[in-house]
Enquirer: 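Got a structure for you, questions after.
Numbers here simply count residues along the sequence, with the first being 1.
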Amino acid sequence: MAKQARAVQTWRSIVDAAASVFDDYGYERAAISEILRRAKVTKGALYFHFASKEAIAQAIMDEQTSTVEFEQEGSPLQSLVDGGQQFAFALRHNAMARAGTRLSIEGVFLGGPHPWGEWIDATARMLELGQERGEVFPQIDPMVSAKIIVASFTGIQLVSEADSGRADLREQVAEMWRHILPSIAHPGVIAHIKPEGRVDLAAQAREKAEREEQEARIAAEAKGAGADPAKDTGSRAGGSGLRGGGTGRGTRTGPAGDEGDEEPAGAGAAAAGGAA
């Protein structure tokens, strides 16, 4: 179990480090040597989990979709708006989301699925649910509208990045919805939709940071006074954040459930696609 946990942690370290490198440099200029440096792992450990730079990039593109979940209860359109704002927030604060988006925009198809396919399919499903619940016009083609929504979001976040480093992305996405909603939804429904999202994620993140800082201060004071923080019965309510991290899916283990310490046979050929 300990070896498996170490393998999962190594996989996580590699993907997180690679996300920061792809975010900074893009796919072509991202070097395996820099990923190794930031992940603090050996080349053998990296190639134990990933056959090539392309495989790492694909893992990141898969991971970025976990930053958003659409609520199935309540208004499907509001859930769709909230999900878009959730991803807009992630683009400002989550290297995984930024890296996955950059890889998609750079056209790194990697022989795998359409880079925006999951977003389009998920959006189409929410629009279909909206039709079932009477929010979306029955004549709307969910797949056509989903492609327009995803394409609009992609373009708007690029313009926002150029204009303000995405500082105004929340409002720009809200404006997108103010333009799109009248073409797909009943007026009576639009009146109840909040284009900025139901939750101010930035304010929520600040509150969580303040709460964690206060808890850390209390723990430090208790330790200094010789008390046991574990016996503190005070409130420890935590905030819920974005689903940014994965659980190590895709981690491979050897016969002994451990990672390779040396570069396996064939790793040199695998490295050709992502030379350091």
Side-chain angles (χ1 to χ4, degrees), residues 15-31 34 53-54 56-70 77 79-124 126-127 142-184 193-197 199-202 205 242-244:
V15 172
D16 288 344
S20 70
V21 174
F22 286 128
D23 180 31
D24 289 342
Y25 299 107
Y27 181 79
E28 292 298 333
R29 295 196 301 128
E34 181 62 14
K53 186 169 77 169
E54 289 91 339
I56 303 174
Q58 186 63 62
I60 290 171
M61 291 171 71
D62 293 340
E63 281 277 296
Q64 68 151 336
T65 60
S66 70
T67 59
V68 174
E69 285 188 56
F70 294 121
L77 280 179
S79 294
L80 195 56
V81 170
D82 291 346
Q85 290 292 7
Q86 193 177 26
F87 192 61
F89 181 80
L91 284 171
R92 292 193 62 195
H93 303 281
N94 188 320
M96 191 70 65
R98 290 193 300 273
T101 297
R102 180 167 184 171
L103 289 169
S104 297
I105 292 170
E106 288 182 349
V108 186
F109 294 96
L110 308 176
H114 190 299
W116 290 284
E118 288 190 45
W119 295 114
I120 293 171
D121 290 343
T123 300
M126 294 305 294
L127 292 175
M143 184 56 69
V144 171
S145 294
K147 289 180 179 179
I148 291 173
I149 290 169
V150 172
S152 297
F153 183 97
T154 301
I156 282 173
Q157 68 88 17
L158 282 173
V159 172
S160 176
E161 180 183 21
D163 285 348
S164 65
R166 297 193 179 101
D168 66 346
L169 186 54
R170 184 186 186 203
E171 181 54 33
Q172 291 302 314
V173 172
E175 285 296 336
M176 178 195 84
W177 284 113
R178 293 187 185 104
H179 281 75
I180 290 177
L181 285 173
S183 68
I184 65 174
I193 300 295
K194 296 181 178 180
E196 298 85 1
V199 178
D200 186 340
L201 294 169
L242 293 175
R243 254 187 70 201

Enquirer: If the test is side-chain contact (heavy atoms from CB on, under 4.5 Å), which one of H93, Q85, R92 qualifies with F89?
Expert: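 So, applying the side-chain contact (heavy atoms from CB on, under 4.5 Å) to F89 and each of H93, Q85, R92, only H93 qualifies.
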
Enquirer: If I take atom CD1 from residue I184 and atom CH2 from residue W177, how far apart are they, to the nearest 0.5 angstrom?
Expert: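 If I round to the nearest 0.5 Å, the distance is 5.5 Å.
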
Enquirer: When you measure from the side chain of S160 to the backbone N and O of I156, does any donor-acceptor pair fall under 3.5 Å?
Expert: no

Enquirer: How close do G197 and R170 get, counting heavy atoms only, and between which atoms?
Expert: O-NH2, 4.1 Å

Enquirer: Sequence neighbours left out, what passes side-chain hydrogen bond (donor to acceptor under 3.5 Å, both in side chains) with S164? Give chain and number order.
Expert: D168

Enquirer: For F87 and V173: C-alpha separation, side-chain torsions, deciding distance, then whether side-chain contact (heavy atoms from CB on, under 4.5 Å) applies.
Expert: CA-CA 10 Å; F87 192 61; V173 172; over 6 Å; no

Enquirer: Quiz question: by atom type and distance under 3.5 Å, do the side chains of Q86 and D82 form a donor-acceptor pair?
Expert: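 Judged by distance alone, the side chains do not pair up.
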
Enquirer: Compile the donor-acceptor pairs under 3.5 Å between side chains in residues 146-155 and protein atoms, sequence neighbours left out, one pair per line.
Expert:
from	atom 1	to	atom 2	distance (Å)
S152	OG	I148	O	2.7
T154	OG1	V150	O	2.8

Enquirer: Once rounded to the nearest 0.5 Å, what's the spacing between atom CD of E63 and atom CD1 of I56?
Expert: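 If I round to the nearest 0.5 Å, the distance is 13.0 Å.
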
Enquirer: Show your working on salt bridge (charged side-chain N to carboxylate O under 4.0 Å, His left out) between E28 and K53 and close with a plain yes or no.
Expert: CA-CA 10 Å; E28 292 298 333; K53 186 169 77 169; 5.5 Å; no

Enquirer: Any idea which heavy atoms bring A57 and Y27 closest together, and the distance?
Expert: CB-CE1, 3.9 Å

Enquirer: Evaluate the criterion side-chain contact (heavy atoms from CB on, under 4.5 Å) for residue pair L77 and L127; output intermediate values, then yes/no.
Expert: CA-CA 7 Å; L77 280 179; L127 292 175; 4.1 Å; yes

Enquirer: Do the side chain of S183 and the main chain of I180 share a donor and acceptor less than 3.5 angstrom apart?
Expert: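 Confirmed, S183 side chain pairs with I180 backbone.
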
Enquirer: How long is the gap from CD on E118 to CG on D62, to the nearest 0.5 Å?
Expert: 6.5 Å

Enquirer: Apply side-chain contact (heavy atoms from CB on, under 4.5 Å) to the pair Q172 and V159, showing each step before the final yes or no.
Expert: CA-CA 9 Å; Q172 291 302 314; V159 172; over 6 Å; no

Enquirer: When rounded to the nearest 0.5 angstrom, what distance separates CZ in F70 from CE in M126?
Expert: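 Answer for the CZ-CE pair, F70 versus M126, is 6.5 Å.
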
Enquirer: I need the minimum non-hydrogen distance between A19 and A99, along with the two atoms involved.
Expert: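 For A19 and A99, the tightest heavy-atom pair comes out as O-CB, 3.3 Å.
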
Enquirer: As a quick check of understanding, evaluate side-chain contact (heavy atoms from CB on, under 4.5 Å) for M96 and V15, giving each step before the final call.
Expert: CA-CA 9 Å; M96 191 70 65; V15 172; 3.5 Å; yes

Enquirer: Atom CG in D23, atom CZ in R98: separation rounded to 0.5 Å?
Expert: 4.5 Å

Enquirer: Answer yes or no: is there an ion pair linking E34 with R29, defined by an N-O contact shorter than 4.0 Å?
Expert: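 The answer is no: the pair does not qualify as a salt bridge.
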
Enquirer: Drop me the distance from E161's CD to R102's CZ, to the nearest 0.5 angstrom.
Expert: 8.0 Å

Enquirer: Please name the pair of heavy atoms, one in Q157 and one in I105, separated by the smallest distance, quoted to 0.1 Å.
Expert: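 So the two residues come closest at NE2-CD1, 3.3 Å.
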
